[in-house]
Amino acid sequence: MDVINHEKLERLGNEIGADNVPILLNIFLGELTEYMGTLANESGMQGDALKEISHALKSSAASFGAEALCATAIEIDSLVKSGEHFDTRSYTSSLVELLQATHTEYEKIMQN
């Protein structure tokens, strides 16, 4: 699965105007940075942070075509909602890596 669905991002530009995409992407990048910091600093509360962040990411990642991030957020959110016990440390680590990769890819788009 690609980190970014470029077609979806292009459709967003068509819907809201291409000039507005960089503004919204900047906000999205700020959110990703904030989420990475929160997950890195919440050693004892990772489960709560993971729950909140995965829930928030489901829609924002989908809106910007961040397919891999969206899929992972949906998976984590489903695990949380099911009440199923899961390794929060492992999922947190995976989510942080994916947040970083997604952030890097969107930064490349912003530079072009």
Side-chain angles (χ1 to χ4, degrees):
M1 176 179 299
D2 291 334
V3 173
I4 299 173
N5 180 332
H6 292 277
E7 290 175 9
K8 197 168 200 177
L9 193 56
E10 188 175 322
R11 269 185 266 139
L12 177 65
N14 292 334
E15 291 172 11
I16 66 169
D19 293 342
N20 293 320
V21 172
I23 296 165
L24 293 178
L25 276 179
N26 237 356
I27 294 167
F28 184 58
L29 287 173
E31 289 175 358
L32 297 183
T33 300
E34 183 181 322
Y35 295 152
M36 285 185 280
T38 299
L39 290 172
N41 293 323
E42 295 289 326
S43 58
M45 303 288 282
Q46 281 184 337
D48 291 338
L50 192 61
K51 176 184 175 181
E52 290 176 26
I53 291 170
S54 64
H55 184 74
L57 277 173
K58 289 187 314 180
S59 60
S60 63
S63 296
F64 289 100
E67 299 289 319
L69 189 56
C70 181
T72 300
I74 289 170
E75 179 183 359
I76 293 168
D77 193 60
S78 294
L79 286 169
V80 169
K81 285 182 179 175
S82 73
E84 189 175 327
H85 179 73
F86 62 98
D87 183 0
T88 58
R89 183 174 289 168
S90 174
Y91 274 94
T92 298
S93 176
S94 296
L95 186 58
V96 168
E97 287 176 21
L98 194 50
L99 283 163
Q100 290 170 334
T102 304
H103 193 282
T104 299
E105 291 302 312
Y106 280 104
E107 279 185 325
K108 289 178 187 175
I109 290 171
M110 295 285 287
Q111 292 172 359
N112 291 333

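Quick note: numbers below take in every heavy atom, side chains included, and nothing from hydrogens, waters or symmetry partners. Remember, it's a predicted structure, so these values are computed and weren't measured experimentally.
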What's the separation between atom [atom1] in [X] and atom [atom2] in [Y], rounded to the nearest 0.5 Å?
X	Y	atom1	atom2	result
L50	R89	CG	CZ	12.5 Å
K8	C70	NZ	SG	6.5 Å
K58	S78	NZ	OG	7.0 Å
L39	T92	CG	OG1	5.5 Å
I53	L95	CD1	CG	7.0 Å
L98	T72	CG	OG1	4.5 Å

Exercise answer: donor-acceptor pairs, residues 17-37 side-chain atoms, under 3.5 Å, sequence neighbours excluded:
unit_1, atom_1, unit_2, atom_2, d
N20, ND2, I16, O, 2.5
T33, OG1, L29, O, 3.0
T33, OG1, H103, NE2, 3.1

So does E10 have more than 12 non-hydrogen atoms from other groups sitting under 6.0 Å from CD?
->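 Not more than 12 within 6.0 Å, no.
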So, for [X] and [Y], which heavy atoms are closest and what is the spacing to 0.1 Å?
X	Y	answer
E67	D2	CB-O, 3.7 Å
S60	A56	OG-O, 3.4 Å
T38	A49	CG2-CB, 4.0 Å

Mind checking side chain to side chain contact (heavy atoms under 4.5 Å, CB included) for E84 and listing every partner two or more places apart, or none if nothing turns up?
->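 Counting only residues at least two positions away or on another chain, E84 forms a side chain to side chain contact (heavy atoms under 4.5 Å, CB included) with L79, S82.
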Check whether V3 and V96 end up in the same hydrophobic cluster, where Ile, Leu, Val, Met, Phe, Trp and Tyr are linked by side-chain heavy atoms less than 4.5 Å apart.
->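 Yes; tracing contacts between hydrophobic side chains, which count when under 4.5 Å, links both residues.
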